[in-house]
Amino acid sequence: MTTETHAATGGREGNPLWSSRLTFILAATGSAVGLGNIWKFPYITGENGGGAFVLVYLLCIALIGVPILIAEIYLGRRGRRSPLATMVHLAKQDGRSHNWKWLGIMGMTCAFLILSFYSVIGGWSMVYVGHAFNGAFIDSTPDQIGALFGGMLQSPGNLLFWHTLFILIVLTILAGGIRSGLEKAVNILMPLLFLLLLVMVGYAMSTAEFMTAVEFLFKPDFSRLTTEAVLSALGHAFFTLSLGSCAMMAYGSYLPENVSIPRTAITIAIIDTLVALLAGLAIFPLVFSNGLEASAGPGLIFQSLPLAFGQMPAGLLFATLFFFLLLVAAVTSAISMLEPSIEWLEEKPALNRVKATAIAGAAVWVTGLLTVFSFNQWAELHPLAFLPVFEGKTFFDILDYLTANIMLPLGGLLMVLYTAWCIKPMTVIDELKLKSGTAALLLPVMKFVSPALLLLVFVYNLL
Ligand code: PHE
């Protein structure tokens, strides 16, 4: 971390920047790689029938995700302020409407809402570190593993405890200037997670149903592709790249001038996608070999992987390590979700970093209660059931749907529209240091292709 001049930080006096491109990549990858890759991707792929869904998801990453990731990081670096202040500042500078501030407000709110349920799931991974370490999976049957998961959900007190602990960890990291510690931790832990996933895939290859799983993931069966599946694939592309919620904008606000944003964005997208696909390859062979349901929903990894750990040599060690790394991946994502809110609060004269962190943290903890009770006391409560899309959905389901399928894509759409239509093309080319070939490709994609695809999916879904 270095402190650069007033000019380089766009007016944030003495504000720190990431120490290098690599550090930014690590932090941004830390944000991108999280529960989305290992927990969510497999279960929504299972719910949406496999191959065709995966194909649409990959297309969304390439055609919509990467251009928007570039736009979001770029806006953050241009503003060098909290997302809200950034949008206000940029709109003024580019002679655009003050209402662009709503983009900052929506993104910040969205990241906040995501964290409220993310932290409960992060709590699950802590519970599972404990189970793994105590040998709870050894020689267990699918029924026993299922009961372990069900038992956890039934106890609100238990969920609340771990949700609280998770939030406290996140706040501790966020409160204390963080980055050098975080940078170092991510440096070791991310590659370790990758390696461990490879070990898991290696184990999965030895099971009877490995090829069934490969087919399930990579052989598209378009008859199973529903409109809802397309919308979830799009939403998940946003979720997994941390897009549209101003998290990447906030991280981009600390990015040194000389770093190439397009190259960096592509690197992040590739790593993130690889992790998700590896997770799928590790999990589905076990699901099929043990006669589990691919469409089991949010409990999928917590019910499939423990079976494998219970049978493999040194399973206790691998299981403990795996759930620990899942926790690390969740934490490094979670901190990026609160950074926009904290950056915004920090701009208030009366608040310093620590106070801002405490306020944001308390608010997100309370909001998290909605998710804690969604799995037990309020499991049958469907608060917005009068709207057809929310029929049968708990608070958790609603938060998940609203953020991933609506707010993130909408935020991303506005970011790419602002970049492509509200900033002078010459400025974009100049500030992103685009070579003429790249500019000829990227600008039209940002101007037309990504927005059109996004709108298409939206409108199609509305109809
Ligand atoms: N990308 C994170 C994951 O895959 C989730 C996330 C969403 C992080 C939005 C920040 C903002 O788990």
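Ligands are counted one by one from 1 in listed order, and the atoms in each one are counted from 1 as well. Remember, it's a predicted structure, so these values are computed and weren't measured experimentally.
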Before signing off on this row, confirm whether [X] and ligand 1 have an N or O atom pair separated by under 3.5 Å.
X	result
L243	no
A247	no
L35	yes

Quiz prompt | Flag if over 12 foreign heavy atoms under 6.0 Å of NZ, K219 | solution = no
Quiz item: Within a reach of under 6.0 Å around CD of E431, are more than 12 heavy atoms found that belong to other residues, nucleotides or ligands?
Solution: yes
Just go through [options] and tell me whose heavy atom is the nearest to [atom].
atom	options	value
atom 11 (C) of ligand 1	A330, S245, P340, G122	S245
atom 12 (O) of ligand 1	Y118, F239, F238	Y118
atom 6 (C) of ligand 1	M337, K40, M407, M248	M337

Within the 4.0 Å heavy-atom shell around [X], which atoms of ligand 1 are there?
X	answer
S336	10 (C)
S31	1 (N), 2 (C), 8 (C), 10 (C)
G34	3 (C), 4 (O), 12 (O)

Quiz item: Can F216 and F288 be said to form a ring-ring contact (aromatic ring centres under 6.0 Å, His included), step by step?
Solution: CA-CA 10 Å; F216 178 73; F288 295 133; 5.3 Å; yes
Quiz item: Between V416, I61, L69, which is the residue that forms a side chain to side chain contact (heavy atoms under 4.5 Å, CB included) with L243?
Solution: L69
Quiz prompt | SB check E339 R353 (cutoff 4.0 Å) | solution = yes
